[in-house]
Amino acid sequence: MELPDRYSPKDVEGRIYQWWMDRHYFKAQETSTKPPFSIILPPPNVTGKLHLGHALNHNIQDALARWKRMSGFNVLWLPGTDHAGIATQSVVERELKKEGTNRHALGREKFVERVWKWKEEYGGNIVDQMRRLGDSCDWDRLVFTLDEGVSKAVRKVFVDLHNKGLIYKGLRLINWSPALESAISDLEVDYKEVKGSIWHIRYPLADGSGEIVVATTRPETMLGDTAVAVHPDDERYQQWIGKEVQLPLTGRKIPVIADSYVDKEFGSGVVKITPAHDFNDYAVGQRHKLPMINILNKNGTLNEAAGAVYQGMKVADARKKVLEDLEAGSFLVKTEPHTHQVGHCSRTGCVVEPFLSEQWFVKMAPLAAPAKRVVESGTINFEPESWTKTYLHWMNIIQDWCISRQLWWGHRIPAWTCGGCQKIIVSETDPAQCPHCKSKDLKQEEDVLDTWFSSALWPFSTMGWPADTELQKTFYPTTVLVTGFDIIFFWVARMIVMGLEFKKDVPFRTVYIHGVIRDAQGKKMSKSTGNAEDPVQLIEEYGSDALRYTLLAQIAGGRDLKFSTQRLEGYRNFMNKIWNATRFSLNGLKDFEAPADGVEAVPNKVDLTDADQWLIYKLGVLEKDVDEALKDYRFSDAANGIYAFVWNIFCDWYLEFIKPIFQEGADPAQKKATQLVLAQVLNRVIRLLHPFAPFITEEIYQKLPIRGEALIVDSYPTPKIDKTLLALGSEEVALELDLVREVITAIRNIRGENRIKPGTKINVRLAPTEARAQKILGENKSSIMTMSRLETCEIGEAGNLAKCAVQPVQIGGMKVDVIIPLEGLVDIGEEVVRIRKNIEKLQKDVGSLTNRMADANFVSRAGEEVVAASKRQLEESQAQIGTLEAALARLM
RNA sequence: GCGGUUAUAGCUCAGUUGGUUAGAGCGCUACCUUGACAUGGUAGAGGUCCACAGUUCGAGUCUGUGUAACCGCACCA
């Protein structure tokens with residue numbers, strides 16, 4: 001079968017993916033004798049378009065899934081999509097706006113219907129994108145966060161927590177997004193530095209006995225002030241404590257209180273207290289039982305409590321007006337520039353307002369305690385480990401979780417208020433009547449739950465909980481969670497909490513936290529800055545495997561990754577290299593008969609060339625390294641190791657070494673042996689590559705002479721399972737072949753440096769100093785001649801060095817002088833320069849080695865082998881200098 | 001303020017337990033269309049491993065201090 005000379009991902013990826021699907025290779029077995037391996041996919045938003053971060057996240061999980069599947073595990077990779085309350089609702093609201101209407105006009109029921117319709121139509125897009133990435137998820141188990149089963153789980157958890165007193169409804173100061181007109185959680189607030197001012201305002205005492213100056217960054221909130229506070233020990237203000245001040249503009253009288261929250265050193269040492277619009281003031285207000293005046297509407301404008309003048313104004317306008325009025329009344333003392341952190345809504349970017357409102361909360365402290373313990377004890381471990389500290393820190397300062405959102409798209413809170421007795425009923429099923437007063441006048445809460453509430457249950461709600469399913473028995477706790485650090489608090493921590501509370505076990509054993517993808521300049525990729533790359537677009541252009549290799553080869557130790565298309569191009573080239581190496585190999589295997597015992601077949605050791613044994617030895621090292629790297633989540637080490645093997649060992653050397661064997665006249669026994677080695681090693685390389693480049697490898701695999709049914713379900717090569725083949729490798733022979741390679745490199749080096757045309761065939765004398773080198777060179781003479789394009793090659797005495805280029809080569813105790821007569825070939829001057837450069841380099845080594853050997857401390861204290869090695873190196877370097885100097889003398 | 005991460009070639013990064021001459025890819029220079037691949041090949045140039053101190057016979061690697069950059073968390077109105 002003929003392969004095109006370039007790998008074309010487009011012709012392969014879709015077909016291969018469909019083939020895997022048709023054959024159900026992604027399916028997990030509910031029960032199996034195989035050990036389980038499970039991953040829950042962090043569900044992307046249904047609205048979403050995958051970004052590169054998703055690609056990385058999914059590629060890691062898929063690499064793990066494929067590796068484990070090949071390693072004999074019963075693999076469950078459970079996919080899902082998230083309803084993403086705010087994001088999805090916004091998309092549909094934008095659609096409505098275009099149609100000249102809005103959700104309020106439509107009404108709740110119709111609107112939610114409309115969102116569902118949207119989801120049915122576009123929700124599949126995100127799944128299609130995941131398939132482009134090659135995700136080998138068990139698609140038959142695809143779950144959506146609003147599916148019936150998941151919704152049941154959500155209700156059960158809500159009701160249980162409520163019955164345990166861990167969910168409560170209360171009037172609290174919460175973070176309010178005026179743009180969304182909804183509460184948001186602490187985590188959804190991003191603090192950004194904003195340049196503002198700090199205004200000093202005069203508050204006259206009510207009894208006219210003086211005035212007090214307060215400092216504030218938000219003058220408009222003074223309309224809701226209910227006290228002025230000073231530090232109890234502040235000598236300047238002792239006489240004011242307990243008196244009243246008259247609030248400018250409103251004339252309201254408010255007390256001066258003492259509270260140690262006030263910092264004497266900051267500003268004027270006097271703080272205006274607005275309990276309804278500041279978290280610290282709220283705390284002070286609670287301590288002093290101050291009244292709370294809410295001056296804001298839900299949309300962020302001022303309400304009637306702010307006074308007729310300001311009612312209806314936006315906060316920014318009100319601030320201006322208040323300052324004008326203060327100025328006019330000469331209440332304003334001074335204005336200073338001041339930068340401070342201002343909370344912004346992570347969804348809309350609007351300024352978040354602390355807002356007094358009735359919301360539902362989860363009491364976190366009792367739930368956090370066991371969730372801390374499982375991480376402290378190592379039942380769950382973070383990879384990299386340093387995230388443990390971040391996690392524990394957050395768990396220590398955790399606040400109650402505000403879970404209600406004033407949206408329509410999501411899990412509606414399963415609580416009803418009875419019109420008869422006003423009691424609140426919380427129930428898993430919609431109640432027909434009030435259990436207390438039997439009234440049928442029940443009204444369900446309007447609010448929905450924070451998206452992350454259902455996400456927190458994901459590891460078990462997706463497996464059929466609360467029913468007791470086989471799936472949970474087999475796969476819970478899951479093996480590993482793969483995610484970015486940005487949702488450790490949003491998601492990871494809350495899953496641990498809920499898993500422990502409802503499954504009495506951790507949701508996963510390991511949390512693998514990977515870095516963030518940045519652009520080539522190191523900036524965070526985002527839609528708004530326009531530097532976000534579209535993975536599907538990149539796949540179109542470079543192929544899914546190339547993209548995956550780029551990401552996996554660079555992800556290490558949880559560090560961020562800088563993405564450049566230049567790098568992507570490099571790995572695209574690598575895919576092509578693999579393709580062409582296969583093309584060449586298959587050509588050489590045209591008359592090769594696949595052995596009956598397939599992958600177990602090995603040639604007789606006596607028929608193997610040195611190159612065969614060298615290659616097999618290197619393969620053994622690779623298999624060991626890759627196995628260890630993958631076990632430690634060192635994807636880049638594994639990917640780079642395979643890359644180097646394929647390119648620098650297999651292609652650059654091995655394929656070159658075996659080329660003559662495929663020419664006519666080669667020894668048939670040797671050819672047969674080499675063909676078998678080639679077929680077996682190619683088979684191993686393709687299998688090793690599969691988790692990192694699934695499409696191209698499966699495509700190639702199907703054309704290999706030695707193969708099974710499908711690569712995706714073949715086994716993953718390790719030294720353990722490849723014992724028979726790897727036993728043919730030899731470290732000793734490998735070292736000998738390295739000498740041959742060094743000799744070839746030396747000849748090429750002399751050629752290059754002396755600018756001898758590649759077409760010019762030259763004569764070389766090789767002068768080994770011991771029998772072992774003599775033997776190995778003799779055995780590989782024809783390879784040396786071909787690969788360095790020689791006319792003649794003598795192996796023996798150094799002979800006359802007059803007008804000769806000379807390069808000493810030594811490796812593992814074997815030594816060879818490479819000698820090339822230059823007479824009539826080139827200008828001798830180049831060789832003089834080349835030799836001098838080499839001598840200089842050697843002299844530097846000799847210098848430091850001499851110093852070291854002269855150091856009595858080194859000789860007596862360093863390990864014996866180290867001293868011996870240094871001594872040997874010194875002698876060898878000196879000998880090489882001798883050789884080169886002799887050659888130099890003969891050149892002049 | 002508390003915590004974390006990073007600092008190695010022009011760029012992006014490897015360098016596992018301290019041990020010969022610190023590696024790769026890209027970029028750069030020269031040469032090469034040789035029968036797998038120009039998305040290729042061969043050779044080459046390029047590094048005071050952030051600074052200082054310490055431990056050690058020996059430090060890119062371990063310890064401390066400092067500097068710089070990035071990221072969390074908490075924040076003073």
Side-chain angles (χ1 to χ4, degrees), chain A residues 3 5-7 191 198-199 214-218 221 229 261-263 265-274 278 280-281 338 340-341 384 386-387 389-390 393-394 397 485-486 488-489 515-516 520 522 524 542 546 553-554 556-564 566-567 569-588 628-629 632 634 636-637 640 643-644 648 651-652 655-656 659 745 748-753 755-759 786 788-789 841-842 844-845 848-849 852 855-863 865-867 869-870 872-874 877:
Chain A
L3 272 62
D5 67 354
R6 281 191 185 192
Y7 171 59
Y191 287 91
I198 182 159
W199 288 276
V214 303
T216 181
T217 54
R218 298 199 54 188
T221 63
Y261 148 70
V262 180
D263 180 354
E265 310 303 320
F266 190 89
S268 58
V270 186
V271 187
K272 57 189 268 317
I273 301 297
T274 323
D278 181 280
N280 288 308
D281 292 6
H338 182 70
H340 57 146
Q341 305 281 333
S386 57
W387 289 108
K389 221 167 174 171
T390 307
H393 173 70
W394 188 69
I397 58 163
F485 68 87
D486 47 333
I488 291 182
F489 309 140
V516 171
K524 218 170 171 174
Y542 297 92
Q554 285 183 91
R559 289 182 47 174
D560 288 355
L561 178 157
K562 282 181 194 156
F563 183 84
S564 76
Q566 223 174 28
R567 191 111 186 192
E569 230 169 82
Y571 289 105
R572 191 260 329 255
N573 296 353
F574 179 52
M575 295 306 134
N576 196 53
K577 189 78 179 173
I578 295 165
W579 185 257
N580 273 293
T582 305
R583 229 157 58 91
F584 173 80
S585 302
L586 292 182
N587 196 42
E628 285 170 0
D632 292 346
R634 288 181 287 115
S636 60
D637 286 346
N640 292 326
Y643 179 100
N648 306 123
C651 293
D652 286 352
L655 293 184
E656 295 302 327
K659 270 178 186 173
T745 303
R748 288 170 173 173
N749 174 276
I750 292 169
R751 269 196 115 103
E753 296 281 284
R755 295 168 207 286
I756 299 171
K757 288 266 176 238
T786 320
S788 38
R789 317 197 94 212
K841 216 188 252 168
L842 285 162
K844 238 167 90 184
D845 301 342
S848 65
L849 285 164
R852 181 181 296 174
D855 184 348
N857 276 327
F858 172 72
V859 178
S860 62
R861 297 203 200 182
E865 336 74 66
V866 177
V867 176
S870 294
R872 199 168 53 238
Q873 184 58 45
L874 178 59
S877 295

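Letters go in sequence order (proteins before strands), and every chain restarts at 1. Just so you know, these numbers come straight off a predicted model, no measurement behind them.
Contact annotation: A:K577 does not reach the phosphate of B:rA38 (side-chain N/O to OP1 or OP2, under 4.0 Å). Phosphate contact (OP1/OP2 of B:rU39, side-chain N/O of A:R6, threshold under 4.0 Å): present. The shortest distance between the side-chain N/O atoms of A:K389 and the OP1/OP2 oxygens of B:rU5 is not below 4.0 Å. Using a 4.0 Å cut-off, no side-chain N or O of A:N573 falls inside it from OP1 or OP2 of B:rC37. At B:rA77, one or more side-chain N or O atoms of A:H340 fall inside 4.0 Å of OP1 or OP2 (strictly under the cut-off). Note on A:H338: a side-chain N or O is less than 4.0 Å away from OP1 or OP2 of B:rA77. Residue A:R789 has no polar side-chain atom (N or O) positioned under 4.0 Å from OP1 or OP2 of B:rU42.
In this structure, A:R852 is positioned above the aromatic face of A:F858, its NZ or CZ under 6.0 Å from the six-membered ring centre and within 45° of the axis.
Heavy atoms of A:Q873 sit under 4.0 angstrom from at least one base atom. Nucleic acid contact for A:K841: none, since no nucleic acid atom lies under 4.0 Å from a heavy atom of the residue. Counting any heavy atom pair closer than 4.0 Å across all strands shown, A:R755 reaches sugar-phosphate atoms only and no base atom. A:E753 comes within 4.0 angstrom of sugar-phosphate atoms only, judged by non-hydrogen atoms across all strands, and of no base. Within the 4.0 angstrom heavy-atom criterion, only backbone atoms of the sugar-phosphate kind lie near A:K562; the bases stay farther away. Using a 4.0 Å heavy-atom cutoff across all strands shown, A:T745 reaches sugar-phosphate atoms only and no base atom. Counting non-hydrogen atoms under 4.0 angstrom, A:S848 reaches the backbone sugars and phosphates but no base. Note on A:N749: only backbone sugar-phosphate atoms sit closer than 4.0 angstrom, heavy atoms only; bases stay farther off. Nucleic acid contact for A:S870: none, since no nucleic acid atom lies under 4.0 Å from a heavy atom of the residue. The residue A:R572 sits close to a base: some heavy atom pair falls under 4.0 Å. Within the nucleic acid shown, A:I273 has no heavy atom closer than 4.0 Å to any nucleic acid atom.
Nucleotide B:rA68 forms a Watson-Crick or G-U wobble pair with B:rU6, both donor-acceptor distances falling under 3.5 Å. Look at B:rC73: its Watson-Crick or wobble partner, with both distances under 3.5 angstrom, is B:rG1. Base pairing of B:rC11 is made with B:rG25, judged by Watson-Crick or G-U wobble geometry with both donor-acceptor distances under 3.5 Å. The pairing partner recorded for B:rG19 is B:rC57, the criterion being a Watson-Crick or G-U wobble arrangement whose two distances lie under 3.5 angstrom. Pairing partner, B:rG47: none, since no Watson-Crick or wobble contact has both distances short of 3.5 Å.
Within the 3.5 Å criterion, the main-chain N or O of A:S788 finds no donor-acceptor partner in the side chain of A:R748. Checked by atom type and distance alone, the side chain of A:N580 pairs as donor or acceptor with a backbone atom of A:N576 at under 3.5 Å. Side-chain atoms of A:D632 do not come within 3.5 Å of backbone N or O of A:R634 as any donor-acceptor pair.
Whole-Å rounding puts the A:W579 CH2 to B:rC37 C1' distance at 12 Å. To the nearest angstrom, P of B:rA69 lies 17 Å from CG of A:D560. Residue A:D845 contributes atom CG, which lies 6 Å from atom P of B:rU21 at whole-angstrom precision. Spacing between atom CD of A:E569 and atom C1' of B:rA38 amounts to 13 Å, rounded to whole angstrom units. Between A:E265 atom CD and B:rG1 atom P the separation is 16 Å, expressed in whole Å. One interatomic measurement links the two molecules: NZ of A:K844 to P of B:rU20, which rounds to 16 Å at whole-angstrom precision. Nucleotide B:rG72 holds its C1' atom 8 Å from the CZ atom of A:F485, rounded to whole Å. Atom P of nucleotide B:rA36 and atom CD of A:E656 are separated by 8 Å, given to the nearest angstrom.
Straight-line distance between the C1' atoms of B:rG15 and B:rU21: roughly 15 Å, to the nearest whole Å. Across the C1' atoms, B:rA7 and B:rG47 are found 15 Å apart, a figure rounded to whole Å. Nucleotides B:rG46 and B:rU8 place their C1' atoms 14 Å apart, quoted to the nearest Å. Between B:rC26 and B:rA69, the two P atoms lie 32 Å apart (nearest whole Å). The gap from the C1' atom of B:rC49 to that of B:rC13 amounts to 13 Å, rounded to the nearest Å. Between B:rA53 and B:rA24, the two C1' atoms lie 33 Å apart (nearest whole Å). If you take atom P in B:rG19 and the same atom in B:rG41, they sit 32 Å apart, rounded to whole Å. Annotation: B:rA22 and B:rU39 have their C1' atoms spaced 30 Å apart (nearest Å).
Looking at every heavy atom in both residues, A:G269 comes nearest to A:V262 through O-CG1, 3.4 Å. Of all heavy-atom pairs between A:K757 and A:R751, the closest is O-NH2, 3.2 Å.
Contact of the A:T274 side chain with the A:R218 side chain is not registered, since no non-hydrogen atoms from C-beta on lie closer than 4.5 Å.
Comparing atom distances between the A:F858 side chain and each of B:rA77, B:rA36, B:rG19 picks out B:rG19 as nearest. Among the nucleotides B:rC75, B:rA36, B:rC31, the one closest to the side chain of A:K757 is B:rC31. Distances were taken from every side-chain heavy atom of A:A215 (C-beta onward) to each of B:rG72, B:rA36, B:rA77; the shortest belongs to B:rA77. Nearest nucleotide to the A:S386 side chain, out of B:rA36, B:rU5, B:rG19: B:rU5.
Comparing A:V866 and A:R559 by the nucleotide of RNA chain B that holds the closest heavy atom to each, the one mapping nearer the 5' end is A:R559. Between A:D652 and A:R218, it is A:D652 whose nearest contact on RNA chain B lies nearer the 5' terminus.
Put simply, the side chain of A:R748 and the base of B:rU42 share no donor and acceptor less than 3.5 Å apart.
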Take A:S564 and A:K562 through the test side-chain hydrogen bond (donor to acceptor under 3.5 Å, both in side chains) and record every step on the way to the result. CA-CA 7 Å; A:S564 76; A:K562 282 181 194 156; over 6 Å; no
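Aromatic ring orientation, A:Y571 versus A:F574: perpendicular (interplanar angle above 60°, classes split at 30° and 60°).
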